[in-house]
Amino acid sequence: MDMKSMNLLVRVGAAAAVLSLAACASPEKTPATAAVAVSHNAVDNAVSAGAPELAPEEISAARSKMMQANQALAAKDYKRARELAVQAQADAKLAQAKAASAKATAASNALNEDLRVLRQEVDRANSDQQ
């Protein structure tokens, strides 16, 4: 083999090695990383919505699954990381929804109480005029 052929062979071999390494860098890594990031945001949003006080079980489950997803990601178990991240996101959304529902119920109860008091005052004022 002449030097040009040898040089070409080395380049082809190097390109094949790079492509092989790229193929080994799992195509699941990017979706798993993105899913974990989304689950972090979902948990943060649920916490901001008051989930620790209003939906403690759900936010605890979301945090636990998010931590497990981070561990799986660190262990390069991308499939498990993505699955756990999706579950964490669902738990966080449930926690956020429960917190919002609890706040809405509390606001509705407060409004109903205000209306009850107002009706009593109107009834009292009407009975005083008669």
Is the shortest heavy-atom distance from the side chain of [X] to the side chain of [Y] under 4.5 Å?
| X | Y | result |
| --- | --- | --- |
| Lys65 | Val86 | no |
| Asn45 | Gln96 | yes |
| Leu118 | Asp114 | no |

(message) Determine whether a donor-acceptor pair (N or O, by modelled atom type, separation under 3.5 Å) exists between the side chain of Ser101 and the backbone of Ala97.
(response) no
(message) Donor-acceptor pair, distance only, cut-off 3.5 Å: does the side chain of Ser64 make one with the backbone of Ser60?
(response) no
Closest non-hydrogen atom pair, [X] against [Y]:
| X | Y | answer |
| --- | --- | --- |
| Ala49 | Ala99 | O-CB, 3.5 Å |
| Ala88 | Met66 | CB-N, 3.7 Å |
| Ala46 | Ala92 | CB-O, 3.4 Å |
| Val36 | Ala81 | CG2-O, 4.2 Å |

Let me confirm one number: the [atom1]-[atom2] distance from [X] to [Y], rounded to the nearest 0.5 Å.
| X | Y | atom1 | atom2 | result |
| --- | --- | --- | --- | --- |
| Tyr78 | Thr33 | OH | OG1 | 6.5 Å |
| Arg63 | His40 | CZ | NE2 | 12.0 Å |
| Asn41 | Gln89 | CG | CD | 9.0 Å |
| Arg82 | Leu84 | CZ | CG | 11.5 Å |
| Ser39 | Gln87 | OG | CD | 11.0 Å |

(message) I'd like to know if Glu113 pairs up with Arg116 as an ion pair, taking the criterion as any Lys NZ or Arg NE/NH1/NH2 lying under 4.0 Å from an Asp or Glu carboxylate oxygen.
(response)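 Looking at Glu113 and Arg116, the cut-off is met.
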(message) Does Lys98, at its NZ atom, have more than 12 non-hydrogen atoms belonging to other residues, nucleotides or ligands within less than 6.0 Å?
(response)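 No - once you tally the heavy atoms of other residues, nucleotides and ligands closer than 6.0 Å, there are 12 at most.
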(request) Say whether Leu94 and Ile59 are linked into one hydrophobic cluster, either directly or through other cluster members, by side-chain heavy-atom distances under 4.5 angstrom. (result)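 Different hydrophobic clusters.
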